[in-house]
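In listed order, ligands and their atoms are each counted from 1.
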Amino acid sequence: MKGRILVTGGTGYIGSHTVVELQNAGYEVVIIDNLSNSNADVVDNIEKVSGIRPAFEKLDCLDFNGLDASLSQHPEIDAIIHFAAHKAVGESVAKPLMYYRNNLVSLINLLELMPKYGIRGMVFSSSCTVYGQPDTLPVTENAPVKRAESPYGNTKQINEEIVRDTVISGAPIDAILLRYFNPIGAHPSALLGELPNGIPQNLIPYLTQTAMGIREVLSVFGDDYNTPDGSCIRDFINVVDLAKAHVIAIDRILEKKQKEQVEVFNIGTGRGLSVLELIDAFEKATGVKLNYKIVGRRAGDIEQVWADPTLANRELGWKAIETIEDTLRSAWAWQLKLRERGIQ
Ligand code: UD1
């Protein structure tokens, strides 16, 4: 055993893939998740994929006493990967206090408890949303943080500051902030993937549900942007590649290889793809024709953003390796599997 890692939000989309990669790398994992946007059967599927059942506790990170009790029962945790958070941009505009309370207090609770249990490492799920619309592309970690477009985006910015200020205050914490671009795809086993509640807000689940006939038509939000084909451009990163970045971040903290007590890395491919290019790639990769139509812009969307991942490539030795075709095929295989399992 290389170490014991607490993964909050470990039954969620990115969390579940990360748990598997941690287990593959020899880490023991304890998951806590309130199951607000996931299902307990994900734990069974993690076990099917990795052959190891992670410890799981249904717990809300807002519950300070519950966290305290849980940590006292799982001694010798070396680091925390904190995924548990609300993440729907539109919902955050409608329910800002719910987002601020949940996303901020969860992190504060964990940071407060870490010294008590001698937990030194923290990997925090941040987002390229902190850059807003960058002035130069691809965007590096040195680009200025822009005023957030939504309460969700603001929680990511504030949480980054909370981690920094806590470390500056002298707390015995080493942290890595990973700024994800747009995670997509599913585990190659098709046993883990993205399963949003209700109508999907994000592109890929909406797209695969449309391809499946669950949704009638995919709306492409805008074709009048200042991009080559007029649709928005994103850096779509395979979720397993992204999960592996977390394992490397944990290795780096535990092996004390960090150059600073708080480090920040872009986790993206370095390649921007437009929404229309993505649809085309999906059709070519799967042979499935997609019903889509162009509609007006979505409020709050960034025109174009993609990562300069040089720092992560060089310092972490991490690189996105999966092709967009394989990634889209994995998303489709996951959707087909959900049908087979009678879930969707
Ligand atoms: C947003 C957030 C990101 C967050 C993610 C999770 C910003 C800038 N980004 O990503 O930080 O982690 O949500 O929820 O706040 N699209 C369509 N039709 C659809 C759905 C999406 O055309 O039905 C388009 C969007 O307009 C966008 C692209 O697809 O151009 C990607 O959208 P989405 O998957 O929702 O992710 P982001 O908005 O980029």
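Residue Val220 forms a side-chain contact (heavy atoms from CB on, under 4.5 Å) with just one option from Leu278, Leu203, Val275, and that option is Val275.
Taking any N or O of Tyr152, backbone or side chain, at least one lies under 3.5 Å from an N or O belonging to ligand 1. The shortest N or O to N or O distance between Val220 and ligand 1 is not below 3.5 Å. In terms of polar-atom proximity, Leu218 is not counted as a contact of ligand 1, lacking any N or O under 3.5 Å from an N or O of the ligand.
Listed by number with element, the atoms of ligand 1 under 4.0 angstrom from any heavy atom of Thr129 are 7 (C), 8 (C), 11 (O), 15 (O).
Of the protein's non-hydrogen atoms, Val275 CG2, 3.8 Å is the one closest to atom 28 (C) of ligand 1.
Separation of the Phe83 and His246 ring centroids falls under the 6.0 Å cut-off.
Using a 4.0 Å cut-off between heavy atoms, Asp301 contacts ligand 1 through its side chain alone, with no backbone atom that close. If you look at Arg234 next to ligand 1, the close heavy atoms, those under 4.0 Å, all belong to the side chain.
There is no side-chain donor-acceptor pair under 3.5 Å between Glu76 and Tyr117.
Lys289 and Glu283 are joined by a salt bridge, as a carboxylate oxygen and a charged side-chain nitrogen come within less than 4.0 angstrom of each other.
Figure legend: cation-pi geometry between Arg297 and Tyr225, with NZ or CZ positioned under 6.0 Å from the six-membered ring centre and within 45° of its axis.
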